[in-house]
Amino acid sequence: MEKFLIYTIPIYLFSIIFELLYARKRLPNTYILRDTVASLSMGIGFLIVSGICNIFVFKIFYFLNQNSLFKIPYALSAILYEQKINWWIFLLLIFADDFCYYWYHRISHICRFFWCAHETHHSSQYYNFGTALRQPWLGSPITWVFWAPLAIIGFRVEDILLQVSLNLFYQFWLHTRLTKSLGYFGVIFNTPSHHRVHHGSDILYLDKNYAGIFIIWDKIFKTFKAEENEPKYGVLHNINSFNPFIIGLHMVKELYQDIKNADKYSDKIKYLIKPPGWNHRGNGKTSLDLQKEYYTNLKKEKYNY
């Protein structure tokens with residue numbers, strides 16, 4: 001997985017330089033140096049952490065493979081063993097992997113424990129190819145559980161890890177302001193327009209468009225939102241820091257403080273599993289609360305009018 005990501009670095013760098021030059025006059029405020037350096041620093045840290053973690057993930061998935069429900073042939077990774085690539089298995093794995101990604105991504109937004117890692121990717125107030133590389137350092141040790149079912153079913157470990165990398169690679173081009181709607185392509189596939197919504201901190205855009213490759217999952221599970229206006233990027237409470245360590249770890253510190261301040265053990269546990277914004281005092285607001293409040297006020301305004 002890490003080798004694949006390393007090989008794609010020239011593509012990332014070329015794309016960032018191209019977008020930077022193109023957007024300089026056409027789309028101001030797309031890049032600032034400190035933010036891009038912070039994102040690249042997070043990307044480098046992600047490669048190191050995920051590289052170490054995948055040594056153990058490989059062993060775990062291999063064990064699950066040995067006791068899997070089925071013995072599925074190699075897909076793309078067959079080439080490593082000088083075997084014929086099984087394109088049908090590869091196609092099936094693309095959908096299976098993206099389905100796992102959808103639920104990993106959705107749960108990472110509505111469960112604070114996982115949000116502590118994923119928030120890193122949303123912390124930039126700028127939206128560009130550099131932002132795509134702002135990957136969490138804390139994700140790899142815990143998020144592999146969402147792909148474990150694929151190993152249990154019988155997909156080969158090498159294919160799973162390779163497809164995870166390909167999925168991540170696909171999502172790189174989604175992080176740009178250079179394109180608008182892509183028409184019929186966006187009916188099935190995730191596009192920059194769809195993903196801009198996902199990175200928006202606007203109330204109506206919160207927790208929408210979780211897809212990796214196929215936007216169909218969001219349409220099936222009712223989490224799709226079309227882009228109406230360009231979003232305000234970032235999170236509800238921006239940290240306004242370019243320090244990679246603050247970007248990557250500040251959410252853990254905040255979670256620890258909230259758990260510490262809660263008296264009941266049940267509340268301490270709830271801080272781990274409840275959505276971001278919830279608190280034991282009862283005056284916190286989750287994204288769902290904010291959206292309900294927004295629509296309630298909208299109805300009131302319409303009625304008064």
Side-chain angles (χ1 to χ4, degrees), residues 1-2 5-6 8-9 12-13 15-17 19-20 29-57 104-105 107-146 164-165 168-169 171-172 175 195 198-201 206 232-262 268 271-279 284 287:
M1 176 179 176
E2 284 64 42
L5 295 177
I6 290 173
T8 58
I9 287 177
Y12 297 152
L13 294 179
S15 300
I16 290 172
I17 293 172
E19 184 184 43
L20 174 62
N29 300 319
T30 297
Y31 278 92
I32 68 167
L33 180 60
R34 290 182 296 173
D35 183 77
T36 303
V37 170
S39 294
L40 294 178
S41 299
M42 298 305 300
I44 293 171
F46 169 76
L47 283 177
I48 295 172
V49 174
S50 63
I52 296 172
C53 289
N54 277 344
I55 296 174
F56 300 97
V57 173
Y104 142 73
H105 202 177
I107 291 174
S108 291
H109 276 255
I110 62 176
C111 172
R112 191 170 172 189
F113 175 75
F114 288 102
W115 176 245
C116 280
H118 187 65
E119 188 267 356
T120 293
H121 183 61
H122 286 263
S123 61
S124 175
Q125 297 177 57
Y126 300 87
Y127 194 75
N128 51 56
F129 286 139
T131 305
L133 305 182
R134 184 178 288 224
Q135 296 296 324
W137 296 348
L138 302 178
S140 297
I142 57 177
T143 56
W144 59 268
V145 298
F146 292 96
V164 168
S165 299
L168 195 61
F169 180 66
Q171 293 180 54
F172 173 76
H175 296 80
H195 203 59
H198 181 70
H199 274 258
S201 60
L206 294 177
K232 178 182 178 182
Y233 302 109
V235 291
L236 289 177
H237 305 289
N238 292 303
I239 56 174
N240 298 314
S241 174
F242 302 106
N243 184 322
F245 292 96
I246 294 177
I247 293 172
L249 303 175
H250 78 100
M251 290 296 292
V252 176
K253 179 181 178 181
E254 292 177 14
L255 176 59
Y256 170 77
Q257 289 296 332
D258 284 337
I259 293 175
K260 182 180 178 181
N261 293 335
K268 294 179 185 293
Y271 270 116
L272 293 172
I273 60 178
K274 287 282 188 176
W278 179 89
N279 67 44
S287 62

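FYI, side chains are in, hydrogens and waters are out, and symmetry mates aren't considered; it's all heavy atoms of this structure.
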Applying side chain to side chain contact (heavy atoms under 4.5 Å, CB included), run through F169 and Y12 and close with a yes or a no. CA-CA 9 Å; F169 180 66; Y12 297 152; 3.5 Å; yes

Begin with the C-alpha distance, continue with both residues' side-chain angles, and end with the deciding distance and a verdict on side chain to side chain contact (heavy atoms under 4.5 Å, CB included) for E254 and R112. CA-CA 11 Å; E254 292 177 14; R112 191 170 172 189; 3.9 Å; yes

Stepwise, does the side chain to side chain contact (heavy atoms under 4.5 Å, CB included) test hold for L206 with L236? CA-CA 9 Å; L206 294 177; L236 289 177; 4.0 Å; yes

Take I259 and L272 through the test side chain to side chain contact (heavy atoms under 4.5 Å, CB included) and record every step on the way to the result. CA-CA 8 Å; I259 293 175; L272 293 172; 3.9 Å; yes

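For S124 and D35, the side-chain atoms include at least one donor-acceptor pair closer than 3.5 Å.
A 4.5 Å side-chain heavy-atom check between T8 and F172 finds every atom pair outside the cut-off. Inter-residue side-chain proximity for V49 and L138 is flagged as unmet; no heavy-atom pair is nearer than 4.5 Å. Looking at R134 and I247, their side chains come closer than 4.5 Å, going by heavy atoms from C-beta outward. Side-chain contact between Y104 and V145 is absent, with no heavy-atom pair separated by less than 4.5 Å. In this structure the side chain of L168 reaches within 4.5 angstrom of the side chain of F46, judged on heavy atoms.
Closest approach of F113 and I142 over heavy atoms only: CE2-CD1, 4.0 Å. Shortest non-hydrogen contact noted between S15 and F129 is O-CD1, 3.4 Å. For G130 against Y31, the heavy-atom pair with the smallest separation is N-OH, 3.8 Å. When all heavy atoms are compared, the tightest approach of F114 to S108 is CB-CA, 3.7 Å. Across every non-hydrogen atom of G234 and S201, the tightest pair is O-CB, 3.6 Å. Between G139 and A117, the shortest heavy-atom distance links the atoms N-CB, 3.9 Å.
Between C116 atom SG and H250 atom NE2 the span is 8.5 Å, to the nearest 0.5 Å. Interatomic distance, CG of L40 versus CD1 of I16, reported as 5.0 Å (0.5 Å rounding). Atoms CG and OG1, from L20 and T30 in turn, are 9.0 Å apart once rounded to the nearest 0.5 Å. With rounding to the nearest 0.5 angstrom, the NZ atom of K253 is 8.5 Å from the CD1 atom of I246. The OG1 atom of T131 sits 7.5 Å away from the NE2 atom of H199 when rounded to the nearest 0.5 Å. Between I32 atom CD1 and Q125 atom CD the span is 8.5 Å, to the nearest 0.5 Å.
Under the rule for a side-chain hydrogen bond (donor to acceptor under 3.5 Å, both in side chains), T143 has no partner lying at least two apart in sequence or in another chain.
In summary, the aromatic rings of Y233 and Y126 are positioned with their centroids too far apart to meet the 6.0 Å limit. In this structure, H121 has its ring center no closer than 6.0 Å to that of H198.
Ring geometry for W115 versus H109: interplanar angle of 30 to 60°, hence tilted. Ring orientation note: the planes of H105 and H195 are tilted relative to one another, at an angle of 30° to 60°. Aromatic ring pairs are classed by plane angle as parallel below 30°, tilted from 30° to 60° and perpendicular above 60°; the pair F245 and W137 is perpendicular.
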